[in-house]
Amino acid sequence: MNAATISPSMNTLPRRAVDARIGMMIFLASWGMVFLTLFFSFSIYRFQAPVWPPVDGPGLGTGAFVAAVVNTSLVLISGMLLFLASRSIGKATQPRIVTYVGGTILLGIAFLGIQINTWIDLWESGVRLQSGIYPALFYALTIFHALHVFAGIVTFLFVLPSVRALSSVAALASNRDAVTDQTRFAMAAMFWHFVAVAWFATFFIVYII
Amino acid sequence: MEPLIVDDHIHPEPTSFLAKYVFSHDHKTIGKQFIFTGLFGLLVGGVMAMIIRWTLAYPGEPFPVLGNLLFSDTNGILSNDRYAMFFTMHGTIMIFFAITPILIGGFGNFTIPLLIGARDMAFPILNMLSFWAYFIAVVLLGLSFFVPGGASAGGWVAYPPLASAQFQPGWGHTLWLLSIYFVGTSSIMGAINYITTVIRFRAPGMGWFDMPLTIWGLWLTAILNALFIPVLTGGAILMLLDRLFHTNFYAPATHGVKGGDPILWQHLFWIFGHPEVYILILPAWGIVSDLLSFFARKPAFGYRFTAISMVAITILSAVVYGHHMFTTGMTPMLSESFMTLTMIISIPAEIFFLNWLHTIWHGSIRFTSAMWFALGVVFVFGLGGLTGLYLAAIGTDLYLHDTYFVVGHFHLTMAAAVLFGSFAALYFWFPKMFGRMMNETLGKLHFWTSIIPLTVLFCLMLTVGYSGMHRRIASVEAYPYLKVLQPMNVWITISALALGAAQVLFVINFFYSLFSGPKAPKNPWDVGTLEWSLESPPPYYNFKEIPPVHYGPHEFNNPNSKSKDWIGQWEKDVK
Amino acid sequence: MRKTKIALFLCWLVCACMLSTGVVLAQNSQDMTRSMWLPPLDISKDGYRSDSLFMIVTYMTGVLFIIMTGIMVVASIKFRASSGAKAHYDRGDTKKDGMKGLIISTVIFLAVDGTLLYRSHEDLQGYTDREGNKRAGVWNFPEATKDEPHADVLRVEVLAQQWAWNFRYAGADKLFNTPDDIVTLNDFRVPENKKVLVQLRSKDVIHSFFLANCRMKRDANPGETTRMWFETKPGTAGEYKVTCAEMCGYAHYLMSAQFHVLTDAQWTKWEAEATKWSEIAYDATKPDQQWGWEWTPKRM
């Protein structure tokens, strides 16, 4: 199977690959509503409060903000790497797709590491789930999001064999299930991009407004 | 997008018991699993309803037979705390564990691939997981009855702070939340399947407006499920954190507690809750629209307009939820906007009521059990829909809110109409599902013994509500002005018991026909939708060749067809 | 076929007997202090609006329902296949059919829902009553309270709790949460023919302050204040009930308060007595006695 038949354009993809993409889009739209619900709740608390963060609870401090900015850039870079990865399929001149995906996984792990570090720091400085509505929302949103990052990493590890089978023109030429492999990679990538967008929104909601 | 021809291979049917009946990927088996679970839920929820009614009509008297079995510690009497638990669980079970599995899980799975000419759902494994996620939900809810403190008892709407750990300690309500979470997951998985299947797997030649209206109803339901169940999931996550980790999302800012907002749950719940009403009723509308046409031997009048009205209602349903909250202290501006939006729903609703009536007018009506039940839906939904007007208008809602009038109204729409829709669907598709015919005489007897007590039951509920009786009270003893209503309450209870007794006819009919009903022919009803071109029951992979579609689903008495009064969607040259 | 018909007839007969027994049973009920088919006695000046709106909706939807059922019954008799009726092939999907449906629906919408919307809007924002007096509308607090602090307005703070109602009257100084407040438990007293403004809060869970005789209810939420107002008609002095309409725990069904509407003379007498008793009962050291709040005029 050559590269032309598995180009990402929906019109030329085989049937099952399109089904999978549509299913994934519906899932992401649906799951996005959970995030939207949490954001909506956050906004309600935010705009009902006379001052923010509320005076009766601790704030997050600059350390957490710096960590979040770093994390935002990590998410941004990982998204770009994935984009490059999907562009590189079937092209001889590009670095191997495995490198890109590996980079994404590492960035994801770094993201989780920074998140966990932030939580531990805050927890030890007395910012607990119970200590007020703002910390509670912070933990709820970031932990809920981090679970999705974790799920994204697991998904990528799960599809690594497929990614390797797509890694070069030679591998692609001998690959009889190239469509399945590319669909698997595309699914994982879609989920990762979704989690990235969710992070940008979380960052905006928790730290900016 | 033009539908394509499916390039799937036909796999052989699995032979092991587990793969064939338990962890089956086949949409027909999964549908049946859902239907049996749903019927079980209906039985449990129904018995609970009767015990609740008994307590209201005959306070202090033990419920016959079952009472001593269930409540031996209170001499067979339903105590007040158990009363609260029972009506909470009655609501939860009926909505999430009876109606949802029968109509959406069961008939959704069974009919969608068959009616659009597909071999299976788009994602069969996901479909199987959907049932087992649902099964976990059933187990969790069942478990919650046996934990210390008993099951959730704050009403099925679970308004905090009543649903918080402070006022409902123990695992009952936590298990309820987890159960709802699993139901939600199951519904989302189902919805992904339904939406994708309908978009992608329609037989060649079947455009959007060649689909049976059943499919329209189920498809729109799936969209609402995919978009609004997650709102409940999100709200439930916050409530779970409140209960398990003592956060204050829904705790009010009193007694020096750092506060959240208890009203937020109401918003989240009803953002989900109002679409949920349409999630439940849309499949029933679709099925009724089809059945009226099938048995009146006439095309569904204004098919396109019915479908468009259903789409309009789906969209409107997302923006009217505020009418559940008129008394909470929402601003008058917002309340009046919600009132106006709510009333706009009556335009599309009237359009398809007109279309239903126009379909049977000048027909040649065959009164099968399925047709009786379909007509029954039009009748009870007419009653239920019109009583909705009293509750949409704030002027009357301020008096009627949280009274039995509301109970009567939503039972007529959500319970009676949906229940009758389910029965119509069961009587109609039973031959295709199990390969045997149901007994028509028993079926008609079941209809008449159901609709009369049912109408009396819920109309009297409207009346006691109008007379001022409020909801969720275990007895009227504290209220002199409600004691007058006691004979009416007794009569509601008698009707409820009669309605329950009538279902015995159905159970007998169902199981007798399942095992020894007469063998069903290919097309017992002379109907032209695709599933009737198959054997009864259909083979494992449904269609050996995907039939190209040449006609709409309701071609009855078409002047071009001389030999018979119906045209199959699969037929090419009709003479 | 004949057997089926006999079975159906018998079934009808049984159901009809049940139905008529029920009606007879209902008619012969003892303790008939009021009709069970009608709402409790209306004692508020605005309550008749709710009742008449109810009747308007009943007439309009009743006509629609009778037409709908009539068409179904006639169609079921006239167009039976067993009587040899021939079906017309009519898809009804022309533009004309669609327009017809839309026009009929819109006309019904404008006539029925339009009336409801207009009437409800009036009920909430102000209308002219049967005698030609301007009424403020049940949710129009700025209009209803513009004469505040007028002597003709009685202000009451209500604190709901599991499963009782606490009432607080400002007393002589017209200020809440002061020692001269009148505080009662499950005893709500108002003078007849006087505007009563109520502010509601809850101590624990959500309750709903329901005056069935005034056709009015409002939720009492923890952590925020809600409000409602009503005005009783002259000559309605008597004993009624305050009920809680929102599920508030397993003793929800017991949560009620006496609702006394007093004549002016009775009111003056009670106010004086209650002030005396409340002053005796007042104890500055008990924090749960100080549950009152500063009257918050701007909030809903």
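Nothing here was measured: the structure is a model prediction, and the numbers come from that model. Lettering of chains follows the sequences in order, A, B, ..., and the numbering in each one begins at 1.
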inquiry  = Less than 4.5 Å to any heavy atom of chain C: does that hold for the side chain of B:Val378, its backbone, both, or neither?
reply    = both
key: Contact winner vs chain B - C:Leu116, C:Leu200, C:Asp113, heavy-atom pairs under 4.5 Å   = C:Asp113
query = chain C heavy atoms under 4.5 Å from B:Arg366: which part of the residue, side chain, backbone, both or neither?
reply = both
Near-ring test C:Tyr250/C:Trp163, centroid separation under 6.0 angstrom = yes
ask   = What residue in C:Arg201, C:Gln162, C:Arg49, C:Arg119 has the most heavy-atom pairs under 4.5 Å with chain B?
value = C:Gln162
request  = Measure from the side-chain N and O atoms of C:Asp204 to the backbone N and O of C:Gln161, and report whether any donor-acceptor pair falls under 3.5 Å.
outcome  = no
inquiry  = Under 4.5 Å from any heavy atom of chain C, what part of B:Gln168 do you find: side chain, backbone, both or neither?
reply    = neither
task = Could you look at C:Ser83 and say if it's the side chain, the backbone, both or neither that has a heavy atom under 4.5 Å from chain B?
result = neither
remark   = Applying a strict 4.5 Å limit to non-hydrogen atoms, the region of C:Gln125 in contact with chain B is side chain
query = Between C:Phe210 and B:His401, does the ring centre distance come in under 6.0 Å?
reply = no
query = Taking 4.0 angstrom as the limit, do C:Arg215 and C:Asp51 come out as a salt bridge?
reply = yes
request  = Output the option from C:His121, C:Met216, C:Met60, C:Lys86 having the highest count of non-hydrogen pairs under 4.5 Å with chain B.
outcome  = C:His121
inquiry  = Please identify which of these residues, B:Tyr466, B:Phe405, B:Tyr399, meets the ring pair (Phe, Tyr, Trp, His ring centres under 6.0 Å) condition with B:Tyr390.
reply    = B:Phe405
query = Hey, what's the ring geometry for B:Phe352 with B:Trp356, parallel, tilted or perpendicular (30° and 60° as the breaks)?
reply = tilted
inquiry  = Shorter than 4.5 Å, heavy atoms on both sides: which option in B:Leu375, B:Leu383, B:Leu400, B:Val157 has the most such pairs with chain C?
reply    = B:Leu383
query = For B:Phe447, which of B:Trp372, B:Phe379, B:Phe367 qualifies under ring pair (Phe, Tyr, Trp, His ring centres under 6.0 Å)?
reply = B:Trp372
message = Test of understanding: with ring pair (Phe, Tyr, Trp, His ring centres under 6.0 Å), list the residues that count as partners of B:Tyr250, not counting sequence neighbours.
response = B:Trp265
Segment of B:Ala296 engaging chain C (4.5 angstrom heavy-atom cut-off) = backbone
Interchain contact, C:Met255 with chain B, by part (heavy-atom threshold 4.5 Å) = backbone
message = Counting heavy-atom pairs under 4.5 Å with chain B, which one of C:Val57, C:Asp93, C:Asp123 comes out on top?
response = C:Val57
ask   = chain B: which of C:Lys217, C:Glu246, C:Met247 shares the most heavy-atom pairs with it under 4.5 Å?
value = C:Lys217
note = Applying a strict 4.5 Å limit to non-hydrogen atoms, the region of C:Asp90 in contact with chain B is both
request  = Could you tell me which portion of B:Tyr159 (side chain, backbone, both or neither) has an atom closer than 4.5 angstrom to a non-hydrogen atom of chain C?
outcome  = side chain
request  = Hey, can you tell me if C:Trp293 and C:Trp291 have their rings parallel, tilted or perpendicular (30° and 60° cut-offs)?
outcome  = tilted
request  = Flag yes if more than 12 heavy atoms outside C:Met55 fall under 6.0 Å of its CE atom; otherwise flag no.
outcome  = yes
ask   = Given a strict heavy-atom distance threshold of 4.5 Å, which part of C:Leu124 is in contact with chain B: side chain, backbone, both, or neither?
value = side chain
query = Between B:Thr403 and chain C, which part of the residue has a heavy atom less than 4.5 Å away: side chain, backbone, both or neither?
reply = side chain
ask   = Charged N to carboxylate O under 4.0 angstrom, B:Arg297 versus B:Glu555?
value = no
note = For B:Ile360 and C:Ala75, the nearest pair of non-hydrogen atoms, with its separation, is CD1-CB, 3.9 Å
pair C:Arg91-B:Tyr303: side-chain heavy atoms closer than 4.5 Å = no
remark   = Bottom line for B:Phe295: the part with an atom under 4.5 Å from chain C's heavy atoms is neither
query = What part of C:Cys214 lies closer than 4.5 angstrom to a heavy atom of chain B: side chain, backbone, both or neither?
reply = neither
task = Would you mind checking which part of B:Ala300 comes under 4.5 Å of any heavy atom in chain C, side chain (CB onward), backbone (N, CA, C, O), both or neither?
result = backbone
ask   = For B:Ile344, is it the side chain, the backbone, both, or neither that has a heavy atom closer than 4.5 Å to a heavy atom of chain C?
value = both
task = Tell me, for B:Pro160 versus chain C, whether the close heavy atoms (under 4.5 Å) come from the side chain, the backbone, both or neither.
result = backbone
inquiry  = Report which part of B:Ala153 has an atom under 4.5 Å of a heavy atom belonging to chain C: side chain, backbone, both, or neither.
reply    = backbone
Shortest non-hydrogen contact between B:Phe326 and B:Ser335, atoms and distance = CE2-O, 3.4 Å
Contact origin within C:Leu41 toward chain B - heavy atom pairs under 4.5 Å = neither
